[in-house]
Number of protein chains: 2
Amino acid sequence: MEPVTDTQISAAGPDPDSAAAGGACDDGLGLREQKKRQTRIAMHRAALELVAEHGFVHVTVEMIARRAGVSTRTFFNHWSTKDAAVLGIIMGESFEISESLRIQLEVSSPREAMRTVLREALTAIPSDSDLRELKKQVMAKEPRLHSISSGKLIEVQTEMVEVLAEHLEGEQAGTLAVIAVQVGFALTRSAFALSMSEGIDLITAFDEVVDLYDSGLIEA
Amino acid sequence: MEPVTDTQISAAGPDPDSAAAGGACDDGLGLREQKKRQTRIAMHRAALELVAEHGFVHVTVEMIARRAGVSTRTFFNHWSTKDAAVLGIIMGESFEISESLRIQLEVSSPREAMRTVLREALTAIPSDSDLRELKKQVMAKEPRLHSISSGKLIEVQTEMVEVLAEHLEGEQAGTLAVIAVQVGFALTRSAFALSMSEGIDLITAFDEVVDLYDSGLIEA
DNA sequence: TGCAATAGTGCAGTCAATGCAACAGTTGGC
DNA sequence: GCCAACTGTTGCATTGACTGCACTATTGCA
């Protein structure tokens with residue numbers, strides 16, 4: 001298994017059980033991919049349940065792994081951090097995202113490019129209702145999770161700053177790039193928090209956050 | 001010693017050596033306070049030097065402590081995390097900041113209140129020129145440090161969201177509060193990055209960032 | 001069926017972070 | 001100058017996140 005590439009934000013797929021029940025949810029994936037997905041979801045669910053039960057700090061990776069029926073080593077093959085498992089953050093290669101930004105910058109304004117890329121990076125969450133309920137509970141009790149800084153996320157942030165700074169030119173390009181990216185991620189984080197606390201999917205949450213931000217009601 | 005309260009962002013004071021040379025830099029503090037400050041700065045400097053030399057990941061807390069001439073236990077009495085020591089972030093009680101926000105909200109708009117509080121939380125950095133040079137180097141080589149999420153910072157963030165949400169009222173108060181605080185901290189983080197990379201003091205950097213943000217050039 | 005790829009595992013090890021109890025220098029009152 | 005309350009420093013033991021490595025088990029494909 002790839003030692004946890006990280007970067008494309010997405011969340012766990014549909015419930016393995018319901019998929020098994022329906023039987024038709026092959027997704028065109030091989031048996032291998034399906035199993036991988038299943039264990040991943042099992043861990044995510046286990047993490048959520050345990051955090052809901054005992055609180056984030058009292059849940060160990062070992063506990064999560066055991067409930068999900070895997071070894072702790074396997075846990076870290078799927079999730080880069082404990083936080084990531086609870087939040088269901090999976091990321092792809094950071095250079096893909098920064099490349100995507102570079103391309104978008106050719107055809108759109110920096111603002112639009114940033115938003116398009118960030119939005120694209122948020123894969124929809126087809127989460128089941130019970131997973132949503134769990135997430136709501138967890139986020140309500142664990143405000144700590146509102147601020148994501150899951151390892152590789154920082155990597156992406158850094159690369160995006162570089163790409164943007166390069167594109168902007170001018171004396172203050174660097175500073176402008178830093179601010180733009182920081183604000184962009186602030187919106188993304190907000191979307192994540194909203195998504196989990198309201199039980200809506202990430203893209204919807206992101207759009208809502210962006211709308212609110214643009215409305216000027218924010219006063220930030 | 002207080003087991004590292006955390007929250008009031010500030011940076012290490014003046015060079016202990018230069019203070020010793022001048023002799024008149026008593027600051028009205030007791031011998032105790034002075035010594036405490038000195039060891040703190042020694043650790044901060046050691047951390048910066050080592051990171052500049054070997055890179056963040058290859059520097060252990062033990063190495064920092066040894067160079068600063070203290071035990072690792074003492075290290076953690078002063079800094080809540082390794083990151084904090086490198087960045088020179090010290091924080092006070094989080095409730096003080098949220099209290100401050102609550103008060104400011106009585107007399108100013110949310111936007112002004114947020115900014116005032118965040119700005120106040122940034123104690124000036126009277127860093128020596130050589131420390132600045134070190135910081136520049138470190139920040140250039142360690143982009144990881146651009147995204148601060150030093151433990152208790154999250155705590156402050158959370159409390160601010162609560163206070164703000166309570167004050168805003170309305171259906172979307174919660175979401176608005178989350179976004180406002182996230183953006184506020186995004187600006188603060190940007191200020192921190194700018195301060196270190198340009199070798200200017202935090203307040204100046206913060207004002208500059210806010211001005212740039214308000215100018216609309218950002219395109220976030 | 002057999003080979004290549006890849007998911008899962010066990011193990012040993014590193015290191016950040018914390019609690020506790022003992023110790024030492026500082027301060028203030030007398 | 002001396003004692004008592006503080007408070008900073010330290011060593012020790014411990015927990016738990018995370019990693020590298022070598023190895024086994026499955027799966028996909030020819």
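By convention in this document, chain letters (A, B, ...) are assigned in the order of the sequence lines, proteins followed by strands, and residues within each chain are numbered from 1.
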(request) Whole angstrom is fine here: how far is it from CG in A/Asn77 over to P in D/dA25? (result) 17 Å
(message) If we check side-chain hydrogen bond (donor to acceptor under 3.5 Å, both in side chains) with B/Glu49, which of these qualifies: B/Gln137, B/His54, B/Arg67?
(response) B/Arg67
(message) Here's a test of your reading of the structure: between B/Val59 and A/Val70, which maps to the more 5' nucleotide of DNA chain C?
(response) A/Val70
(request) Starting at atom CZ of A/Arg73, determine the distance to atom C1' of D/dG20, rounded to an integer number of angstrom. (result) 7 Å
(request) Output the single nucleotide from D/dT9, C/dC15, D/dC18 whose closest atom is nearest the side chain of A/Lys82. (result) D/dC18
(message) Distance check needed: C/dC15 C1' versus B/Phe75 CZ, whole Å only.
(response) 12 Å
(request) Nearest whole angstrom, please: distance from the C1' of D/dT9 to the CD of B/Gln38. (result) 15 Å
(message) From the set D/dT26, C/dT26, D/dC18, return the single nucleotide nearest to any side-chain atom of A/Lys35.
(response) D/dT26
(request) Test the B/Lys82-B/Phe76 pair against the cation-pi criterion, namely NZ or CZ under 6.0 angstrom from the six-membered ring centroid and within 45° of the ring axis. (result) no
(message) Between P on D/dC18 and CD1 on A/Ile64, what's the gap in Å once rounded to a whole number?
(response) 10 Å
(request) Check B/His44 against B/Val86 and note the closest heavy-atom contact, atom names and distance. (result) CE1-O, 3.0 Å
(request) Write down the distance between CD (A/Glu62) and C1' (C/dT9), rounded to a whole number of angstrom. (result) 14 Å
(message) List the residues meeting side-chain contact (heavy atoms from CB on, under 4.5 Å) with A/Val161, not counting sequence neighbours, and say none if there are none.
(response) A/Ala177, A/Val178, A/Val181
(message) Whether A/Thr74 contacts C/dT9 is assessed here as follows: a side-chain N or O lying under 4.0 Å from the phosphate OP1 or OP2. Is that the case?
(response) yes
(request) Using a cut-off of strictly less than 4.0 Å, decide whether A/Thr39 has a side-chain nitrogen or oxygen near OP1 or OP2 of C/dG8. (result) yes
(request) Grab the CZ-C1' distance between B/Arg66 and D/dT9 for me, whole Å please. (result) 18 Å
(request) Using the side chain to side chain contact (heavy atoms under 4.5 Å, CB included) rule, take B/Lys36 and B/His78 through it: C-alpha gap first, then chi angles, then the decisive distance, then the call. (result) CA-CA 9 Å; B/Lys36 184 174 164 181; B/His78 284 269; 3.7 Å; yes
(request) Report yes if at least one side-chain N or O of A/Ser71 is closer than 4.0 Å to OP1 or OP2 of C/dG8; otherwise report no. (result) no
(request) Please state how far atom NE2 in A/His78 lies from atom P in C/dG8, giving the value in whole angstrom units. (result) 4 Å
